[in-house]
Structure formats: C-alpha cells, structure tokens
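Because the structure is predicted, anything quoted here is derived from the model rather than measured. Reckoned from all heavy atoms, side chains included, excluding hydrogens, waters and symmetry mates. First listed ligand is number 1; within each ligand, the first listed atom is number 1.
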Amino acid sequence: MPSFFKGLRIVDPNHKIVYCKRCVLSNQRPRTMFNEDGICAPCLYSEYKKTMIDWDAREKELESLCDKHRRNDGSWDVVVPGSGGKDSAYVAYVLKKKYGMHPLTVTWASSLSTTIGTQNLESFVRSGFDNLLGSPDGEVHRRLCKITFTEFGDNFLPFVYGQLNFPLQIAVKYKIPLVFFGEDGEVEYGGSLERYNKPQIDLEYTVRTKFTSLSPEHWKSFGVKMEDLKRYTSPPLADLKSTRVEAHYFSYYDNWSPEKHYDMAKIHTGFKPNPEGRSEGTYTDFASLDDKTDGFHYYMAFIKFGIGRATSDAAHQIRDSIITRDEGIDLVHQYDGEYPARYLKEFLDYMDMNMNTLNKTIDKFRRPIVWKKTNGQWNLRQQVTKL
Ligand SMILES: [Zn+2]
C-alpha cells in the first residue's frame, strides 16, 4: 500500500462515533478506515484517483482486455450485470459503442418492481441491448427476504447474493469469460482498501470467504432448502476456472461518476429519473429506483449505523466537488433516515408482517452507540456537524 494511505486504521465503531473531516461519512460504516487527520478511506481514495491514476493508461488496459475477448461471430463476449439503471447502462453502452463489444446484459429481478424501474429496463433493451432477466422463485425469494430482514436487519441481502452470483452463473452457462461489474463499493464508498489497485474481483477469495457468516448457505439453518438457495450461490470454483471467468470492475478503468452515467443514460438509453421527484431518504432522483422494497434496505442501514441514503449520496458528491461539506451536512440533516412510507403497505404485504412486528424488528437493530431513547422517542446520539 502506498504512503498515500498511511496511518489508516479502524476506529472501533462500538466505542465511539467519528465523522470524516472532509465528507459526512462516519466510522459506523463497516470496515471503513480513517487516517490520523480524521479523513476516511474513500475520501483518500477519491484524492488518489484525482492525482495518482493515469486514466489514459487505464483506458489502454481496457482496450487490450476488450481486444482479448472480443468476438465477431454473433456470440456474446461480455456479461454486464445490471437493471438498466444509469450505471450499468453506461458500462454496457461504452463497452458496445466505444470498444465494439457484444454485451449480454443480465438483470437479477427486483422483489417488487416499480413502474419506473420496469420502464427503464425496457427502454434500455430497446436502445440496443440483449438482456436476460433472472427472476427467482417468488415464494422462495419472499421467504428469504423476510428471514434476512428479521434475523440480519436487511431485506435486500437475497438481492445482493443474486446480483453478484446470477451473472457469474450465466457467464459459466454461456461460456462468456469476461464479466464487467460497475464499481468496487469497498474502495469507492467505504470498506477495505486492500484491492484499491486491482481491476478484478478475486473470485477465488470471494467464493471461499465472502459473506462467510452470511453466505447464502447460512440460511439453511433457518429452514431454507439448499436446492432453493442454488440461484443465490456462486457457481462452483472449478466451473469458474474451467470457463476462465474474469470479473472486472469498470471503475478501475474509467473514473466512476454517477452524474456522468446519468447524463449519458438519459441521452442514449432512454433512462428516466424518479417521476415522484427525489427518492425517500435522500435528495437525489436518479439512483436505485427499481424496487419498492429498497426504501427499507436504506432505512435499516440508518437504524444500524446511523448512515442513511442522504449520507451516502452527499459523501460521494462532496468527494466529486458537486456540493460542499457544509451543503452535504444540511442535506443529511434534512433527509437522512426519512421513513420509507411511500411503499409501506406493499412492503408489509410482501413481508407478511403487521406494523407491530415491523417496529419491533426495526428496534431490534438499533445499536446503543447510535441511538438513545428519551421520553419514549428514539433519537440519534450524534450527528455530523460543521467544522
Ligand atoms: Zn470522507
């Protein structure tokens, strides 16, 4: 690791809450390190991207990679996982138009699709892309979402499994060795910096260790049959190796910018923002629009870590100089942790849950470092403040 990332360490999240002096992120985000000056790892990585990465050289690396895999016999030569949202649309579009690739875009279905999510996927396909939609068994998926919500405080975990593993299964099935995921969330948004300079996902490591305690197989002990978990698991390592699957992050080759992707997707793939205006819990209108249940996914991060959707949006926009830290703080105070009321009824029906059980489940995941109860009301102990 270069000196740029010197002194980074974990500040025990159960001991105290510290906020980054440059953005609005706190040490409550799992695995996120801070340096001695109180700057978070994703802010340092952002600075590293601006000052140390030779993007022209990275572009040449991407050209060579595409040259190695491109096929001109009508076959697909790259799998691009995604929903037709701005980020995956950008990746697929650039690979096709700029690098002459022939992507098979692979979508892992939402639990409860929104109208705008469905429209964006249809517009994306119509704009010139092959797409394969993987919809897992609805009864199994619903049951799994309920179990992971109740036991782990995140209804979205089954989606996360499928989003990663289903495209890998398809790559093996159709013998397409190149898979292009979007960004490396660990380095971009907070987490381990171990792979800050690596283009590929270490599949061997991922298959062996990722989600160790919470692998899809973990839910067997909650009465889910292994055969029902098959769609959520990674293909066997031997199959990934025999197909020579390489899973790359586009963010390694191209300076990741959600706003740039939004501008491109509006013009070229028919992408439309949230027709209801901003998404609940934040001030933006262009991210994560596909699933009626994802409001609770973001809300539960706020419950567990005190980090809501506005914090995540503001943190990256501060790093990209779109807003200042003070503006970000005002937005966090205004929107973070807003209750996801818009699809509450659908969420309760989907979870087969009443309000009482929902509230009890939410309260179960409030960590004492983050929350205190005063006169029967839950309040954050601390919030990000201006310097
Ligand atoms: Zn920061």
Return the set of residues passing salt bridge (Lys or Arg N to Asp or Glu O under 4.0 Å) with Arg31 (not counting sequence neighbours), or none when no residue passes. Glu186

Thr357 and Asn354: side-chain donor and acceptor closer than 3.5 Å? yes

May I ask you to check whether Asp320 and Ser257 show a side-chain donor-acceptor distance below 3.5 Å? no

Give every protein N, O or S atom lying under 2.8 Å from the Zn ion (ligand 1), naming each by residue and atom.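 The answer is Cys20 SG, Cys23 SG, Cys40 SG, Cys43 SG.
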
Report the residues that fulfil side chain to side chain contact (heavy atoms under 4.5 Å, CB included) with Asp330, sequence neighbours left out, ordered by chain and then residue number.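 With sequence neighbours excluded, Asp330 shows a side chain to side chain contact (heavy atoms under 4.5 Å, CB included) to Lys386, given in chain and number order.
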
Which is it for Leu62 and Phe250 under the side-chain contact (heavy atoms from CB on, under 4.5 Å) test, yes or no, and what are the steps along the way? CA-CA 9 Å; Leu62 178 55; Phe250 204 75; 3.9 Å; yes

Distance-only donor-acceptor pairs under 3.5 Å for side chains of residues 228-236, two or more places apart:
residue, atom, partner, partner atom, Å
Tyr232, OH, His141, ND1, 2.8
Thr233, OG1, Lys230, O, 2.9

